[in-house]
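Scroll down for the structure; my scribbles are underneath it.
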Amino acid sequence: MPVPAPSLIDAVVARPWLARLLKPVANWYVNAAGYRQMGLRADDLICEEDERVLKALKRLSPKENYDRVYRLRRATQLSLQHKLLPKNEWTKPEEDVPYLTPVLKQVVAEEKERHALDTLEVVRRKGQH
Amino acid sequence: MLCRSALTRGSQLAARQAGVQKLAQRGFAAAAAAAPKSSYEPTTIAGVKVAARDDNGPTTRLAVVAKAGTRYEPLPGLTVGLEEYAFKNTNKRSALRIVRESELLGGQLTSYHTREALVLQASFLREDLPYFAELLAEVVSQTRYTSHEFHEEVENVIHQKQAKLDAAAIALDAAHAVAFHTGLGAPLYPTPSTPVSSYLNEHSVAAFAEAAYTKPNIAIVADGASSAGLSKWIEPFFKDVPAASDAAVKSAPSKYFGGEQRIALTGGNSLVIAFPGAAQGAKQPETAVLAALLGGQSSIKWSPGFSLLAKAAASTFGATAKASHLAYSDAGLLAIQITGQAAAVRKVAEESVKALKSVAEGGVTQEDLVKAIAKAKFNLLSAGEVAGSALAQTGSQLIHAGELVKVAEAVSALEGVTAEKLQAAAKTLLEGKASVAAVGDLHVLPFAEDLGLRRNPPSTQPSQTGTAVPALTAAKMTFAWKAAGLTYNRYLAVASRAVRNALKEDKRLAAERRNRQELRFAKWTNGKQGEIQNLADANVAAAVESAAAGGTA
């Protein structure tokens, strides 16, 4: 995620007719990926081995952090047992909200701004304030 | 053929020299005119109180002074939190961008607080006024108070500053705490053992900011900015600052209590002996002169100086003493701060109290008095003159009193201080209840009583000992006649005489006739009768005699 894979999502969202067309396909794909059946959310799958993700994780509230760890441990246990959750405990589509991505975007933006300011060239015009 | 660069270089040089001459001329002209540095001029721009002065120098200092010092914090540590949140992420730009941009412009951003005011200050080149006016307005009205900045930066900085607190700072805070309890008694910086973590978080700081950063609650102080520039730029940028808030900052009027506090601490010893002083702008110049007379800090290199405390400390190696007059909006504190090695602190403290007692007994020479008045005048005038030093003070005066203290009046008041007035002031201080704070090695540091300071002022003292005594007599429910030193019989006689005198003419004559005592008495000594006296006349004579003797009858 931090180095995002090439994606056409923006182009699709910009064209409502295309979004409507692809929505069923997307839903099928998400269900087929199988993480919802193990009680996870999409943001739980973001790879942790990255400075920026670690920093973003630190900025989560204690409650969000606790819930995340609970979901991951439950999923690990299910994986060991080769089981899925009972169907009523699967992650519902409305629960599958991005809780980490906004924070991660903020961290990436900060980093980008710092880089931009570090490599800045100053041109000061005469009479400029 | 002439080289082009040589030509341009010559013209550059010529231009530069012309500039230098012009500058030099300007400098001489300014010196010749010898105009006194202008003082701050208070105005109001778009509902915000502004004080500005302009010496046409190349740099400007602009500060937002908010009534949000530790005195006004609703929960411990909020002022410190708000101070550290200054120049952090705002809705418009990030903290990093703020720092980098002001670095590019050569500006400096600082935030600090006093007991009464929180100051956000920017120092910069004169032509950058619009940028920094916008920045300060943005910090005041649009800071985001994010959680991650609180945990990653604000908390850490506060912990580091707490670790730097020394015995002197803790002792001064403790002296304020026993002197004023709440309000001004709140610590200037919470110590590491203060439980602030349950009160201090980004939400409480944001709520405090909302209450503190309102138009009536802030003042803008500019040193070195033209008034035209200020009126042009403050209006558009500060229009987003709310005119009022639901939860305004408040603090009860200060009341002096006095007492003693002792705190054990390793790594430093400090003793503060404090007495009630004068508030800012109060007509009580003796306190400032007394502080200057006690002094302590030498103004002569390699010499202890001539002030009383310096002389007291000169014979003891390892401790320094200084007296300062801390004036706040509605109260003041005359504090003698002694720091150093424990044994030396004890010795200097004893000497300092002796010095103060010698002032109270009239041991001040005319020469010392003249020196002290001159020093007090210098302190007062230089505080307002040195560039940038008076921003917090000026802003604080604006937000508390709405006007600036008249320096000329204060100076002439200082000149009117006489040795008698000074002696009376010192006597009053010593008769009242002192605030004593000892921090460090408590095995060595003395108690207030060991120093010869009174713990409780005498209850028969009339109310000349300032604010403390009436408060105490009220607390003990003492009758006024008892406090004044009368017996009950005499009190009744005085009261009935007053009632009788208030009657109409005919009734009064009848009442006076009723009061006429025909009882006579004589004293018998050695079997002989003495002179026969009228009892009423003898009573009046005895009352006069007792009043002259100090009202102890």
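Below, read A as the first sequence line, B as the second, and so on, with proteins coming before strands; counting in each chain starts at 1.
- Residue-environment remark: NZ (Lys63(A)) stays at or below the threshold of 12 foreign heavy atoms within 6.0 Å.
- Within a 6.0 Å sphere centred on CD of Glu121(A), other residues, nucleotides and ligands contribute 12 heavy atoms or fewer.
- Residues of residues 92-102 of chain B placed with any heavy atom under 4.5 Å of a heavy atom in chain A are listed by number as Ser94(B), Leu96(B), Arg97(B), Arg100(B).
- Counting non-hydrogen atoms of neighbouring residues, nucleotides and ligands closer than 6.0 angstrom, the CD atom of Glu138(B) exceeds 12 such neighbours.
- Within 6.0 Å of atom CD in Glu51(A), 12 or fewer heavy atoms from other residues, nucleotides or ligands are found, so the atom counts as exposed in its surroundings.
- Within a 6.0 Å radius of CD in Gln108(B), other residues, nucleotides and ligands contribute 12 heavy atoms or fewer.
- Taking the side chain as every heavy atom from C-beta outward, His148(B) and Gln106(A) approach each other to under 4.5 Å.
- The number of heavy-atom neighbours closer than 6.0 Å to OH of Tyr99(A), taken from other residues, nucleotides and ligands shown, is above 12.
- Around atom CG of Leu8(A), no more than 12 heavy atoms belonging to other residues, nucleotides or ligands sit under 6.0 Å away.
- Checked for salt-bridge contact, Glu152(B) and Lys58(A) miss the test: no charged N lies under 4.0 Å from a carboxylate O.
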